[in-house]
Amino acid sequence: MPELPEVEVVRSGLAPAVTGAMIAGVTVLDERALTRHPGPAAGFEARLTGRTVQAAGRRGKFLWLALEPEGDTSAPATEAVVGHLGMSGQLLLRPAGAAPERHERIRLDIHHPVHGELAIVFADQRTFGSLAIDELIPTPDAAPGGHGWGEASVPRQVSHIARDPLDPAFSDTRLRSLLARKDSAIKRVLLDQTVVSGVGNIYADEALWAARIHPETPAKALSTRAVNRLLAEIRAVLEKALAEGGTSFDAQYVNVNGQAGYFAHSLNAYGRTGQPCPRCGRPIVRVSFMNRSSHYCPRCQRMRMPRPLRAA
DNA sequence: ACACTGCCCTGAAGGC
DNA sequence: TGCCTTCAGGGCAGTG
């Protein structure tokens with residue numbers, strides 16, 4: 001289940017191999033991997049072949065390979081290959097001509113001036129992930145579009161997604177004011193990528209546990225102090241997971257070399273139903289919530305309403 | 001305009 | 001043993 005740390009591990013693993021590399025060949029094995037690409041697979045292959053990759057960027061759970069403009073290579077990039085790993089997508093770096101991966105959907109054969117011939121394989125069991133060629137459009141705040149991408153542009157398909165909490169241009173103020181207006185449960189709001197990006201079910205549960213906030217607390221009921229604590233814990237859990245190479249449960253998430261991360265050993269709430277809370281010892285509870293699971297400690301994460309709401 | 005539900009998909013795991 | 005159901009859940013179209 002790739003969230004920000006897992007996607008960043010993929011991006012940073014890909015970056016040295018793809019930056020400056022020429023896409024020599026494109027093979028689409030399954031068109032479902034192009035659901036977000038406008039137009040047929042043949043067009044995807046034709047438009048990418050011969051292009052050079054300028055950089056590998058990421059915002060939240062989306063990543064993209066910016067393409068050097070054809071002709072004037074000093075001009076700013078106007079197009080990118082946007083990728084989302086969905087539930088089970090993998091981007092793997094393989095030697096040229098490597099045997100097909102299980103669930104391989106798309107292969108890019110690349111030629112790098114230093115590293116030579118390589119293959120980038122997009123494999124995806126559940127086919128929620130996709131690649132697409134997309135236009136790069138200016139960022140409204142004129143800050144760089146994402147991590148690893150210094151230009152003030154972002155793929156159109158990513159432009160409605162909020163910056164992620166590790167982005168230097170992330171606005172804490174904007175988040176506080178959005179939360180103050182939302183009646184929805186804080187967990188639901190954390191999963192809304194237009195509010196804050198990069199957080200999925202695992203890290204939402206972990207950050208709420210660390211901040212001692214009940215997942216069903218209405219967002220607007222959180223005090224400023226609680227919101228600040230939550231934001232700090234979101235950043236802490238994302239950074240820790242990143243340092244450990246991401247979380248893996250079922251070998252669906254792996255880095256570009258096919259290796260799993262170690263963060264699963266560090267989880268305090270997610271997936272620990274019935275096991276003691278590391279803080280207080282009470283068993284972690286699992287509840288079904290918006291077609292997902294929420295895991296929390298019923299003692300440490302009690303619902304607290306401020307006076308104005310309790311009166312109603 | 002916002003809040004929320006349902007759907008897409010495959011394979012592993014559990015129940016009977 | 002084997003079939004059937006359930007579960008995993010990100011993002012977005014569609015509904016209210």
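Only heavy atoms go into these numbers, but all of them, side chains included; no hydrogens, no water, no symmetry mates. Order of the sequence lines fixes the chain letters, A, B, ..., with proteins taken first and strands second; residue numbering starts at 1 for each chain.
For C:dG9, the base is stacked against the aromatic ring of A:Phe128, per a cut-off of 5.5 Å between centres and 30° between planes.
A donor-acceptor distance shorter than 3.5 angstrom exists from the side chain of A:Asp134 to the backbone of A:Arg156, with no hydrogens or angles considered.
Rounding to whole angstrom units, CG of residue A:Asp192 and P of B:dA1 are separated by 16 Å. When rounded to the nearest whole Å, the span between CG of A:Leu131 and C1' of C:dG11 equals 16 Å. At whole-Å resolution of the value, CG in A:Asp124 and C1' in C:dG10 are 11 Å apart. If you take CD of A:Gln90 and C1' of B:dC9, they are 15 Å apart, rounded to a whole angstrom. As rounded to whole Å, 13 Å separates atom C1' of C:dC7 from atom CZ of A:Arg292. Taking atom CD of residue A:Glu6 and atom C1' of nucleotide C:dG10, one finds them 13 Å apart after rounding to whole Å. Atom CG in A:Leu191 sits about 15 Å away from atom C1' in B:dA3, given to the nearest Å. Per the geometry, CZ belonging to A:Arg32 stands 19 Å off P belonging to C:dG11, to the nearest Å.
The partner of C:dT1, taking Watson-Crick or G-U wobble pairs whose two distances both stay under 3.5 Å, does not exist in any strand shown.
With C:dA8, B:dT10, B:dA3 as the choices, the nucleotide that has an atom nearest any side-chain atom of A:Gln125 turns out to be B:dT10. Residue A:Arg36 has its side chain nearest to C:dG11 when only C:dC7, C:dG11, B:dC9 are considered. Among the nucleotides C:dG10, C:dG11, B:dT10, the one closest to the side chain of A:Phe62 is C:dG11. For A:Thr127, the listed nucleotide lying nearest its side chain is B:dC9; candidates were B:dC9, B:dG11, C:dC12. Closest to the side chain of A:Met87, out of C:dG9, B:dC4, B:dG11, is C:dG9.
Residues A:Arg47 and A:Val26 fail the side-chain proximity criterion, which asks for heavy atoms closer than 4.5 Å. Side-chain contact check for A:Leu242 versus A:Leu166: some heavy-atom pair is nearer than 4.5 Å.
When only modelled atom types and interatomic distance are considered, A:Arg279 and A:Asn268 share no side-chain donor-acceptor pair under 3.5 Å. Side-chain contact annotation: A:Glu233 with A:Tyr203, donor-acceptor N/O pair under 3.5 Å absent.
For the pair A:His84 and C:dG10, the criterion of a side-chain N or O lying under 4.0 Å from OP1 or OP2 is not met. Residue A:Arg102 places no side-chain N or O under 4.0 Å from the OP1 or OP2 atom of B:dT10. OP1 or OP2 of C:dG11 lies within a sub-4.0 Å distance of a side-chain N or O belonging to A:Gln193. Between A:His103 and B:dC9 there is no side-chain N or O to OP1 or OP2 distance below 4.0 Å. The shortest distance between the side-chain N/O atoms of A:Lys61 and the OP1/OP2 oxygens of C:dG11 is below 4.0 Å. Here A:Ser88 does not reach the OP1 or OP2 of B:dC9: none of its side-chain N or O atoms lies under 4.0 Å away. Distances shown here put every side-chain N or O of A:His160 at or beyond 4.0 Å from the OP1 or OP2 atom of C:dG11. Dashed line: the shortest gap from a side-chain N or O of A:Arg105 to OP1 or OP2 of B:dT10 is not under 4.0 Å.
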Side chain to side chain contact (heavy atoms under 4.5 Å, CB included) assessment of A:Thr273 paired with A:His295: CA-CA 7 Å; A:Thr273 311; A:His295 311 77; 3.4 Å; yes
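Side-chain atoms of A:Arg126 and base atoms of C:dG10 include no donor and acceptor less than 3.5 Å apart.
Backbone-only contact: A:Ser293 has heavy atoms under 4.0 Å from sugar-phosphate atoms and none from a base. A:Arg188 comes within contact range of at least one nucleobase, with a heavy-atom separation under 4.0 Å.
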